[in-house]
There are 2 protein chains.
Amino acid sequence: MKLKKSERQENLKKMIEEEPFITDEELSKRFKVSIQTIRLDRLELAIPELRERIKYVAKQQWDETVKALPIDEVIGDIVDLQLDLSAISLLEIGTEHVFSRNQIARGHHLFAQANSLAVAVINDQLALTANSEISFNRPVKLGERVIAKAKVISTEENHRTVVTVESSVQQEIVFSGTFYMYRSTDEERGDSSNENRN
Amino acid sequence: MKLKKSERQENLKKMIEEEPFITDEELSKRFKVSIQTIRLDRLELAIPELRERIKYVAKQQWDETVKALPIDEVIGDIVDLQLDLSAISLLEIGTEHVFSRNQIARGHHLFAQANSLAVAVINDQLALTANSEISFNRPVKLGERVIAKAKVISTEENHRTVVTVESSVQQEIVFSGTFYMYRSTDEERGDSSNENRN
DNA sequence: ATTACTATTAGGACCTAGTCATAAAACGGA
DNA sequence: TCCGTTTTATGACTAGGTCCTAATAGTAAT
């Protein structure tokens with residue numbers, strides 16, 4: 001006797017979770033049982049067939065891709081946006097943002113939220129960060145909601161705009177930064193020559 | 001005559017790109033041709049069948065999930081590390097790092113590489129960025145390899161360390177930053193009291 | 001109109017990775 | 001030994017194709 005039914009089914013479940021692109025045939029070889037047994041197991045465990053599993057993973061990916069396109073530009077959710085004036089975005093700190101050791105958000109995520117908001121607030125085809133001074137006032141922890149507020153300070157003629165961003169958790173400022181942005185409408189000459197420079 | 005072969009094939013290609021989960025049958029209805037014509041078209045355009053398309057999308061998703069996990073500690077690959085002295089990391093700019101519009105790397109990825117390197121070089125349990133001044137000297141494009149070099153400038157007694165990072169592509173500096181870091185060994189009192197402060 | 005050629009459609013055999021239903025066989029425990 | 005569970009086998013059928021052959025349409029040039 002290799003494994004009891006219940007044991008096999010538990011292992012099966014885990015195996016399919018870890019490796020969803022596996023056929024019944026391959027599973028039957030691994031467990032040294034017939035293909036029909038595997039199918040009975042899937043039936044009892046309500047695990048769909050390979051093609052449905054693949055489809056499910058692919059749909060997720062597709063939905064995210066579709067979702068990601070409009071989001072692409074900004075990290076966090078924009079809750080208010082007045083072009084060339086101000087913008088507000090919200091970022092909820094999840095496990096993917098923190099150091100596993102101490103649950104403190106990694107600085108570059110706060111920077112990314114602020115920086116992408118500074119890019120988004122600019123009403124031009126192209127906006128790139130040229131310089132920036134930032135400070136992290138206190139650590140942000142897992143589960144906190146960071147609200148970033150961007151303000152456009154000055155828009156000079158020479159393709160430069162200054163944007164300040166203050167990020168806070170419950171009224172307490174956790175991050176602040178000044179972003180010196182380069183901006184350009186694509187129609188102008190500056191852009192493509194700039195891009196080809198490498 | 002509805003569409004010429006070449007026109008239909010162009011549209012077909014676009015349609016499948018936009019909506020890869022479409023069967024030949026559905027396509028044949030849309031173009032009002034037989035299923036065989038659609039299959040000939042796919043053959044000529046080297047477009048794989050529905051199931052292969054789904055599998056491809058799903059694999060991508062899967063690979064990214066797997067890839068996203070180990071990223072945790074440092075953005076980029078560390079190629080040299082001398083604790084409390086210097087460190088070097090390498091980041092190859094992929095499609096996930098760039099603005100789709102112009103293929104220029106988004107600033108926060110360069111920041112993330114530099115910042116996480118500054119954190120990594122510090123020989124203490126806890127290292128957090130307190131302040132930073134950074135500048136983006138020229139846009140970095142898709143496919144370029146960014147080499148970030150971090151140097152520890154000064155290590156004062158009061159938990160502060162200054163680290164500079166210069167990132168370059170083929171000897172040309174693309175990013176530079178100064179990071180004012182807060183560091184602490186976990187044994188000391190400062191850390192946990194600090195963390196519980198919210 | 002006839003020929004020549006491309007484009008389209010049709011058909012059948014085969015494939016994978018299954019479903020669903022039925023039945024037979026093997027195994028474990030009282 | 002008999003009973004109930006578990007496993008295996010078998011056959012019919014499905015979607016969404018591949019691959020190959022062959023017939024038919026449509027268009028253009030002679």
Side-chain angles (χ1 to χ4, degrees), chain A residues 1-69, chain B residues 1-69 95-96:
Chain A
M1 184 209 323
K2 311 265 145 175
L3 281 169
K4 272 174 205 150
K5 193 186 178 183
S6 55
E7 290 180 288
R8 189 190 54 234
Q9 291 194 344
E10 261 189 77
N11 288 23
L12 186 84
K13 204 171 171 181
K14 279 179 200 161
M15 197 171 280
I16 290 178
E17 266 164 36
E18 277 170 33
E19 206 179 329
F21 297 31
I22 192 168
T23 60
D24 288 358
E25 199 181 2
E26 179 60 28
L27 286 164
S28 84
K29 279 179 196 156
R30 301 230 185 143
F31 287 104
K32 308 246 182 205
V33 294
S34 73
I35 249 187
Q36 285 76 1
T37 304
I38 296 295
R39 290 180 176 162
L40 266 179
D41 285 347
R42 277 202 299 98
L43 196 74
E44 287 175 19
L45 297 168
I47 295 171
E49 63 168 284
L50 169 63
R51 284 160 179 169
E52 293 305 314
R53 298 196 301 266
I54 291 181
K55 215 181 284 178
Y56 177 76
V57 174
K59 284 253 157 132
Q60 275 200 320
Q61 151 80 354
W62 198 249
D63 291 349
E64 269 173 45
T65 309
V66 171
K67 216 193 299 165
L69 280 176
Chain B
M1 184 209 322
K2 314 266 148 180
L3 282 168
K4 272 176 204 146
K5 190 184 179 184
S6 54
E7 291 179 284
R8 187 190 56 233
Q9 291 194 345
E10 262 188 73
N11 288 23
L12 186 85
K13 205 171 169 181
K14 279 179 199 159
M15 196 170 282
I16 291 177
E17 267 165 32
E18 279 169 29
E19 205 180 333
F21 297 32
I22 192 169
T23 60
D24 288 357
E25 200 182 0
E26 179 60 26
L27 286 164
S28 83
K29 279 178 198 160
R30 300 228 187 148
F31 287 105
K32 307 245 180 206
V33 294
S34 73
I35 242 185
Q36 285 80 359
T37 304
I38 296 295
R39 287 175 179 167
L40 266 180
D41 286 345
R42 277 202 299 100
L43 196 74
E44 287 174 18
L45 297 167
I47 295 170
E49 63 168 287
L50 169 64
R51 284 156 178 171
E52 293 306 314
R53 298 196 301 265
I54 291 181
K55 214 182 282 178
Y56 178 77
V57 174
K59 284 252 158 131
Q60 274 200 321
Q61 151 79 352
W62 199 249
D63 291 350
E64 269 173 43
T65 309
V66 172
K67 213 196 298 166
L69 281 175
T95 48
E96 72 272 30

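Every chain is numbered from 1, with letters handed out A, B, ... down the list of sequences.
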S.K.: Please name all residues satisfying side-chain contact (heavy atoms from CB on, under 4.5 Å) with Arg51(B), sequence neighbours left out, ordered by chain then number.
M.R.: Arg51(A), Glu49(B)
S.K.: Is any N or O donor-acceptor pair between the side chain of Arg51(A) and the base of dG18(C) shorter than 3.5 Å?
M.R.: no
S.K.: Can you confirm whether more than 12 heavy atoms, excluding those of Phe21(B), are under 6.0 Å from its CZ atom?
M.R.: yes
S.K.: How about Asp24(B) and Leu50(B): do any of their side-chain heavy atoms sit closer than 4.5 Å?
M.R.: no
S.K.: Please report the distance, rounded to the nearest Å, between CG in Asp24(B) and P in dT8(C).
M.R.: 15 Å
S.K.: Atom CD of Glu7(B) and atom C1' of dA7(C): how far apart are they, to the nearest Å?
M.R.: 14 Å
S.K.: Output the single nucleotide from dT19(C), dT18(D), dG16(D) whose closest atom is nearest the side chain of Thr23(B).
M.R.: dG16(D)
S.K.: Which residue in the set Arg30(A), Lys13(A), Lys14(A) passes salt bridge (Lys or Arg N to Asp or Glu O under 4.0 Å) when paired with Glu19(A)?
M.R.: Arg30(A)
S.K.: Got Thr37(B) and Phe31(B) here, is their nearest side-chain heavy-atom distance under 4.5 Å?
M.R.: no
S.K.: What residues, two or more places apart in sequence or in another chain, satisfy side-chain contact (heavy atoms from CB on, under 4.5 Å) together with Glu25(B)?
M.R.: Thr23(B), Lys29(B), Ile35(B)
S.K.: Can you check the Ile54(B) CD1 to dA17(C) P distance for me, whole Å?
M.R.: 14 Å
S.K.: What string of B, S and - do you get for nucleotides 6-12 of chain D, 5' to 3', if B is base contact, S is sugar-phosphate-only contact and - is no contact with any protein heavy atom under 4.0 Å?
M.R.: SBBBB--
S.K.: Does Arg39(A) make a side-chain N or O approach to OP1 or OP2 of dC20(C) shorter than 4.0 Å?
M.R.: no
S.K.: Quick one: Lys55(A) NZ to dG18(C) P, roughly how many Å, whole number?
M.R.: 13 Å
S.K.: Atom CG of Leu45(B) to atom P of dA7(C): distance rounded to whole Å?
M.R.: 13 Å
S.K.: Just to be sure I understand the rule, does Arg53(B) reach a base, reach only the sugar-phosphate, or reach nothing, if contact means heavy atoms closer than 4.0 Å?
M.R.: nothing
S.K.: Can you find a pair of side-chain heavy atoms, one from Glu7(B) and one from Glu10(B), that are under 4.5 Å apart?
M.R.: no
S.K.: Tell me the interatomic distance from Ile38(B), atom CD1, to dT8(C), atom P, rounded to whole angstroms.
M.R.: 10 Å
S.K.: Rounding to a whole Å, what distance do you find between Arg42(B):CZ and dC19(D):C1'?
M.R.: 13 Å
S.K.: Using whole Å, report how far CD of Glu25(A) lies from P of dG18(C).
M.R.: 9 Å
